[in-house]
Amino acid sequence: MGKRNRPASGRVRARAHRRDLERARREKKLGVVYQFQDSAPIGEKLERVDDFHRIGLRTVQLTYNVRNLVGDGCMEAGNAGISRFGHSLIERLNERRILIDLAHSGRRTAIEAIAASKAPVLISHTGCAALVERPRNKTDAELRAVADGGGVVGIYLMPFLRESGQPMAADLIRHIEHAVKICGEDHVGIGTDNMLSPVELSEKYKARHREDIRDRRRLGISAPGESETVYLYIPDLNTPRRFETLGGLLSARGHSDARIGKILGGNFARVMGQVWG
């Protein structure tokens, strides 16, 4: 193959990816980052990391709720941590400048992965276990370890923000403020874990939600706090302008514009740029 026909180097692609983020913001376009929400597609073949990177993969969540070849998810009682293969995968992801995401991971898995990674990591969507003890939520030790490594924790808009009932904006803000207290304002963001468009709470939506929860229970991947009558949205942020609305609520509580900008995307953009290129 002639030189001019070779694929662009990883570094060139990473720079282009950073510019794409800025271009999407400037032109008010929707940007998409390809991610695996479980490292299962990689299987036992580390060379697949290279293949997936070439076609655009830029973030890998190491586990989902259950155990895989890399480590334990948050629903595994054994809490076995990272396997030997998992350490090899983390090393390969670091080499390829692919972001590591520890959402849904078991607690030992998270701590060991943060220590093993040479690059900052994400916990892209979670809540604070100090406020609501749920397997999907992260302890202060996990939050602090991510921040100490230069990474970012994203707070989600999910039922796990409170012990029972439908979460509201006040619950989300409580978790954001706790995360900022533990991590510092440079290491907290929003990882909604749901759709951009508002939810229409129709009978059809309710029926589909009930069936989804039942399916997850049958598959053994449902987490404590999931309910057929608690929906995956925050009613007082149920608008396409939810970030703008949340920014206003944070401002009213005395958070600076600079801090709000970091939380609503600036911190994620910084770490993505750092790791990708």
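Please read all numbers here as calculations on a predicted model, not as lab measurements. We number each residue from 1, following the sequence as shown.
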- Query: Would you call Asp101 and Arg58 a salt bridge, using N to O less than 4.0 angstrom?
  - Reply: no
- Message: Looking at every heavy atom in both Ser124 and Ala103, which two are closest together, and how far apart are they?
- Response: OG-CB, 3.9 Å
- Are any of the side-chain heavy atoms of Val153 and His187 separated by less than 4.5 Å? no
- Message: As an exercise, state the distance from CD of Gln37 to CG of Asp193, rounded to the nearest 0.5 Å.
- Response: 6.5 Å
- With no hydrogens and no angle check, is any side-chain donor or acceptor of Asn194 less than 3.5 Å from a backbone partner on Leu232? yes
- Message: Measuring from atom CZ of Phe52 to atom CD of Glu47, what distance do you get when rounded to the nearest 0.5 angstrom?
- Response: 10.5 Å
- Query: If two hydrophobic side chains count as joined below 4.5 Å and joins carry through other members, does Met158 share a cluster with Met75?
  - Reply: no
- Does the side chain of Ile260 come within less than 4.5 Å of Ser251's, by heavy atoms? yes
- Query: Sub-3.5 Å donor-acceptor pair from the side chain of His53 to the main-chain atoms of Arg96, do we have one?
  - Reply: yes
- Ion pair Glu133/Arg107, N-O distance below 4.0 Å: yes
- At what distance, to the nearest 0.5 angstrom, does CG of Leu102 lie from SG of Cys74? 12.0 Å
- Do the charged groups of Glu185 and Lys262 touch, with an N to O distance under 4.0 Å? yes
- ring pair (Phe, Tyr, Trp, His ring centres under 6.0 Å) pairs touching residues 59-92, sequence neighbours excluded, are Tyr64-His104
- Query: Would you call Lys181-Glu177 a salt bridge at under 4.0 Å N-O?
  - Reply: no
- Arg270 side chain vs Asp186 backbone, donor-acceptor pair below 3.5 Å: yes
- Do Leu99 and Met272 have side chains that get closer than 4.5 Å, going by heavy atoms? yes
- Shortest non-hydrogen contact from Asp72 to Thr109? O-OG1, 2.8 Å
- Query: Do side-chain atoms of Asn68 reach the backbone of Leu62 as a donor and acceptor pair under 3.5 angstrom?
  - Reply: yes
- Query: Should Asp50 and Arg92 count as an ion pair when the cut-off is N to O under 4.0 Å?
  - Reply: yes
- Indicate yes or no: at least one non-hydrogen side-chain atom of Pro235 is less than 4.5 angstrom from one of Met168. yes
- Message: Side-chain heavy atoms nearer than 4.5 Å, only ILVMFWY residues, links allowed to pass through others: does that put Leu250 and Ile234 together?
- Response: yes
- When you check the gap from the basic side-chain N to the acidic O, do Arg25 and Glu22 get nearer than 4.0 Å? yes
- Task: Not counting sequence neighbours, which residues clear side chain to side chain donor-acceptor pair (under 3.5 Å) with Thr229? List them please.
- Result: Ser227
- OG (Ser39) and CD (Gln61) are apart, to the nearest 0.5 Å, by 9.0 Å
- So if you build clusters from Ile, Leu, Val, Met, Phe, Trp, Tyr with side-chain heavy-atom gaps below 4.5 Å, do Ile190 and Leu161 land together? yes
- Message: Quick one: does any side-chain atom of Ser117 pair with a main-chain N or O of Ala113 as donor and acceptor, under 3.5 Å?
- Response: no
- How long is the gap from NZ on Lys45 to CG on Leu89, to the nearest 0.5 Å? 14.5 Å
- Please report the closest heavy-atom contact between Ala110 and Glu142, naming both atoms and the distance. CB-OE2, 3.4 Å
- Query: With sequence neighbours excluded, what pairs up with Lys29 under the side chain to side chain donor-acceptor pair (under 3.5 Å) test?
  - Reply: Glu27
- Query: Would the number of heavy atoms belonging to other residues, nucleotides or ligands and lying under 6.0 Å from CD of Glu200 be above 12?
  - Reply: no
- Message: Show the nearest heavy-atom pair for residues Ile155 and Ala179, with the distance to one decimal.
- Response: CD1-CB, 4.1 Å
- Message: Taking the side chain as everything from C-beta on, heavy atoms only, tell me whether Arg136 gets closer than 4.5 Å to Asn65.
- Response: yes
- Task: Please report the shortest heavy-atom distance between Val152 and Asn267, naming the atom on each side.
- Result: CG2-O, 3.6 Å
- Evaluation steps, side-chain hydrogen bond (donor to acceptor under 3.5 Å, both in side chains), between Asn137 and His175: CA-CA 10 Å; Asn137 292 345; His175 282 258; 5.2 Å; no
- Task: Would you indicate whether the side-chain heavy atoms of Trp276 and Val33 approach each other to under 4.5 Å?
- Result: yes
- Query: Does a sphere of radius 6.0 Å around CZ in Arg23 hold more than 12 heavy atoms from other residues, nucleotides or ligands, not counting ones at 6.0 Å or beyond?
  - Reply: no
- Query: Okay, side chain of Gln166, backbone of Val230: is any donor-acceptor separation there less than 3.5 Å?
  - Reply: no
- Thr59 and Tyr34: CA distance, side-chain angles, deciding distance, side chain to side chain contact (heavy atoms under 4.5 Å, CB included) verdict: CA-CA 7 Å; Thr59 306; Tyr34 290 118; over 6 Å; no
- Query: Taking the side chain from Asp236 and the backbone from Ala169, do they hold a donor-acceptor pair closer than 3.5 Å?
  - Reply: yes
- Task: Hey, could you give me the OH/CG distance between Tyr233 and Leu201, rounded to the nearest 0.5 Å?
- Result: 4.0 Å
- Query: Heavy-atom distance under 4.5 Å between the side chains of Val132 and Phe160, does that happen here?
  - Reply: no
- Query: Leu172 and Val199: same hydrophobic cluster, using ILVMFWY side-chain contacts below 4.5 Å?
  - Reply: yes
- Task: Mind listing the closest non-hydrogen atom pair of Ser197 and Arg242 along with its distance?
- Result: O-NH2, 3.3 Å
- Would Glu228 and Arg217 pass as an ion pair if we require N to O under 4.0 Å? yes
- Message: Listing request: all salt bridge (Lys or Arg N to Asp or Glu O under 4.0 Å) pairs with a residue in residues 144-166, at least two apart in sequence or in separate chains.
- Response: Arg134-Glu163, Arg162-Asp171
- Would you find a donor on one side and an acceptor on the other, under 3.5 Å apart, between the side chain of Thr239 and the backbone of Thr245? no
- Any ring pair (Phe, Tyr, Trp, His ring centres under 6.0 Å) involving residues 196-224? Give me the pairs, sequence neighbours left out, ordered by first then second residue. Tyr205-Tyr231, His209-Tyr231
- Message: If you define the side chain from C-beta out and look only at heavy atoms, does anything of Glu226 sit under 4.5 Å from Pro159?
- Response: no
- Would Val60 and Ile100 count as a side chain to side chain contact (heavy atoms under 4.5 Å, CB included) if you check the C-alpha gap in whole Å, the side-chain angles of each, and the deciding distance to 0.1 Å? CA-CA 5 Å; Val60 170; Ile100 292 169; 6.0 Å; no
- Item | Residues Asp51, Arg54: salt bridge by 4.0 Å N-O rule | yes
- Message: Can you confirm whether Arg26 is buried at CZ, in the sense that more than 12 heavy atoms of other residues, nucleotides or ligands lie under 6.0 Å from that atom?
- Response: yes
- Task: Can you sort out the partners of Glu91 under side chain to side chain donor-acceptor pair (under 3.5 Å), two or more places apart, ordered by chain and number?
- Result: none
- Output yes when a side-chain donor or acceptor of Ser83 lies under 3.5 Å from a complementary backbone atom of Leu69, and no otherwise. yes
- Item | hydrophobic_cluster_shared for Ile173 and Tyr156, side chain cutoff 4.5 Å | yes
- Is there a side chain to side chain contact (heavy atoms under 4.5 Å, CB included) between Leu122 and Phe268 once you walk through the steps? CA-CA 9 Å; Leu122 305 179; Phe268 273 117; 3.9 Å; yes
